[in-house]
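This report refers to the structure that appears directly beneath it.
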Amino acid sequence: FSFAMLSVHGEEDAVLSGNSFVMQLKNGHFIVSDGGFAFDAEYLVQYMKSKLPNGETPVVDAWFSSHLHTDHSMVFNGMRLYKEVRESIKVEAVYLNIPNENVIRNTDLDEGPARELPKQIESILTGIRMLKTTDDKTTKIYRCQTGHRYYFDGVTVDVVLAQEQLEFNCYDQNKYVGDFNTSSTALLFTTDTNHKIFTAGDSNESNTSYIMEAYGSTCPSILSNVNVFVAFHHGHNTVKSFTTWLKPNATKFDYVLFSSNLAVESIEDRIETEDGANTELRAKANQCYSFSDGLKTILNFTNSGITVTRE
């Protein structure tokens with residue numbers, strides 16, 4: 001298996017760094033998590049082609065969208081816009097959550113007023129509907145729900161937390177409390193080489209509070225021994241209590257990935273978050289990577305461990 005953090009740059013500001021992760025399965029097919037902006041579509045497909053014999057068409061068995069912000073999921077709009085890119089890939093299924101209307105109505109987005117959000121979501125869904133499966137049918141769309149488990153070639157994907165679980169915590173008399181990032185889906189990837197990857201889009205303290213409340217004061221076995229942790233919101237929403245819950249005492253992640261244009265050592269100073277949260281997260285990792293140097297970080301999983309290549 002390989003799990004790659006692609007070097008997706010929105011602009012120089014870390015907030016606009018894209019989120020794009022690709023896992024290659026034993027059968028050569030792929031699982032994609034997010035994908036970035038619309039203009040990242042070609043780059044994403046070219047990366048997958050580079051991992052296959054010449055002329056082979058990339059097949060995505062599952063494409064997970066953490067949430068429908070532009071820097072995570074507008075790549076599907078890129079598939080709508082760029083026919084040549086769209087037709088050079090096959091996608092069996094997309095897994096996502098469409099935000100509750102209250103989230104849309106009460107969200108103040110940097111990219112425009114909330115009234116523009118339905119148009120943004122529709123362009124994403126239109127792009128997905130234009131994709132084709134290996135048998136030339138329309139790509140299926142599934143809604144992720146907490147507790148779902150999906151099986152692929154040597155990898156299981158568990159939905160740790162999905163949007164609907166937060167409604168009792170974050171909705172009060174039809175008023176949304178929080179922000180659009182709270183609609184992020186938390187996923188656990190487990191390989192048959194016994195390695196675990198945890199990723200949760202732009203999740204924040206609302207999400208982590210619910211996870212810890214739902215799963216108990218002690219991290220359960222399914223979430224213990226996470227090897228690779230993808231920092232929430234490019235490093236913006238790191239939560240100390242959750243980091244400690246996942247990795248109590250002196251235990252560490254093998255790798256922490258920051259999908260950010262910022263150098264790892266400067267993230268604490270440049271990103272506003274809970275004081276010292278990213279410093280503590282880095283201390284909980286044997287190694288940290290971002291894509292400030294423009295390189296992809298590729299983790300290779302075997303029965304004997306994890307190795308890293310950068311290209």
Side-chain angles (χ1 to χ4, degrees), residues 1-10 14-24 30-36 40 43-44 47 64-67 69 71-73 75 155 157 160 181 184-191 193 195-204 207-208 223 225-240 242-243 246-247 251-268 270-271 273 277-301 305-311:
F1 301 95
S2 68
F3 183 78
M5 176 174 68
L6 303 191
S7 175
V8 180
H9 292 252
V15 177
L16 296 179
S17 302
N19 214 63
S20 186
F21 295 90
V22 179
M23 173 176 275
Q24 187 168 25
F30 298 93
I31 295 175
V32 177
S33 177
D34 290 339
D40 293 313
Y43 168 64
L44 173 63
Y47 170 76
F64 290 92
S65 170
S66 65
H67 66 304
H69 260 156
D71 56 333
H72 293 252
S73 297
V75 65
V155 173
V157 182
V160 177
N181 293 324
S184 293
T185 300
L187 299 172
L188 179 72
F189 298 83
T190 305
T191 71
T193 58
H195 295 106
K196 297 180 180 180
I197 304 162
F198 187 89
T199 180
D202 287 353
S203 291
N204 53 34
N207 306 71
T208 58
L223 290 171
N225 301 316
V226 168
N227 303 94
V228 181
F229 183 79
V230 179
F232 301 157
H233 200 186
H234 321 280
H236 281 261
N237 293 344
T238 302
V239 181
K240 288 182 186 178
F242 187 70
T243 300
L246 270 182
K247 287 292 180 182
T251 57
K252 289 189 173 187
F253 303 107
D254 292 319
Y255 300 96
V256 168
L257 305 179
F258 291 91
S259 55
S260 171
N261 295 338
L262 295 177
V264 169
E265 58 273 12
S266 68
I267 286 175
E268 192 71 68
R270 292 281 302 280
I271 290 180
T273 188
N278 282 317
T279 297
E280 184 168 307
L281 178 57
R282 294 205 314 269
K284 284 279 186 183
N286 291 322
Q287 187 68 51
C288 297
Y289 292 101
S290 70
F291 47 71
S292 61
D293 53 8
L295 296 178
K296 298 181 282 289
T297 300
I298 304 170
L299 306 178
N300 306 290
F301 299 90
I306 307 174
T307 59
V308 180
T309 55
R310 307 205 74 221
E311 58 183 53

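Treat the numbers as computed from the prediction; the structure is a model and nothing was measured.
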Inset, instruction - Using the side chain to side chain contact (heavy atoms under 4.5 Å, CB included) rule, pick out the option among Ile197, Val157, Val226, Thr199 that qualifies with Leu188. - result: Val226

Legend entry - Side-chain donor or acceptor of Asp40 paired with backbone N/O of Val75 under 3.5 Å: no

Legend entry - Of Asn286, Thr190, Asp254, the residue whose pairing with Asn227 passes side-chain hydrogen bond (donor to acceptor under 3.5 Å, both in side chains): Asp254

Inset, instruction - For the residue pair Phe232 and Phe198, categorise the inter-ring angle as parallel (less than 30°), tilted (30 to 60°) or perpendicular (more than 60°). - result: tilted

Inset, instruction - Not counting sequence neighbours, which residues clear ring pair (Phe, Tyr, Trp, His ring centres under 6.0 Å) with Phe64? List them please. - result: Tyr95, Tyr150

Legend entry - Val239 side chain near Asn207 side chain, heavy-atom distance below 4.5 Å: no

Inset, instruction - Tell me, please, which residues at least two apart from Thr243 pass side chain to side chain donor-acceptor pair (under 3.5 Å). - result: none

Legend entry - Closest approach of Phe253 to Leu281 (non-hydrogen atoms, all atoms of both residues): CE1-CD1, 4.0 Å

Legend entry - Minimum side-chain heavy-atom gap Asp293-Arg310 below 4.5 Å: yes

Legend entry - Asn278 side chain vs Gly235 backbone, donor-acceptor pair below 3.5 Å: yes

Legend entry - Phe30: partners by ring pair (Phe, Tyr, Trp, His ring centres under 6.0 Å), with sequence neighbours left out: none

Inset, instruction - Give me the ring orientation class for His69 and His67: parallel if the planes are under 30° apart, tilted from 30 to 60°, perpendicular past 60°. - result: perpendicular

Legend entry - Test side-chain contact (heavy atoms from CB on, under 4.5 Å) applied to Ser66 - qualifying residues, sequence neighbours left out: Asp34, His72

Legend entry - Test side chain to side chain contact (heavy atoms under 4.5 Å, CB included) applied to Ile298 and Glu311, step by step: CA-CA 8 Å; Ile298 304 170; Glu311 58 183 53; 3.4 Å; yes

Legend entry - Side chain proximity check, Tyr47 to Gln24, heavy atoms < 4.5 angstrom: no

Legend entry - Interatomic distance, Phe3 atom CZ to Ile306 atom CD1 [nearest 0.5 angstrom]: 11.0 Å

Inset, instruction - Evaluate the side-chain proximity of Leu295 to Tyr289: yes if any heavy-atom separation is below 4.5 Å, no if none is. - result: no

Inset, instruction - Just jot down the side chain to side chain donor-acceptor pair (under 3.5 Å) partners of Ser20, sequence neighbours excluded, or say none. - result: none

Inset, instruction - Rounded to the nearest 0.5 Å, what's the gap from CG on Leu257 to CZ on Phe229? Could you check? - result: 10.5 Å

Inset, instruction - Please tell me if the side chains of Asn19 and His234 come closer than 4.5 Å, counting only heavy atoms from C-beta onward. - result: yes

Legend entry - Close side-chain approach of Ser292 to Phe258, heavy-atom, < 4.5 Å: no

Inset, instruction - State, yes or no, whether a side-chain contact exists between Phe189 and Ile31 at a heavy-atom distance under 4.5 Å. - result: yes

Inset, instruction - Check the pair Phe301 / Val228 against side chain to side chain contact (heavy atoms under 4.5 Å, CB included), numbers first and verdict last. - result: CA-CA 11 Å; Phe301 299 90; Val228 181; 4.2 Å; yes

Legend entry - Asn204 and His233, any side-chain heavy atoms less than 4.5 Å apart: no

Legend entry - Set of residues satisfying side chain to side chain donor-acceptor pair (under 3.5 Å) with respect to Thr193, sequence neighbours excluded: Thr191, His195

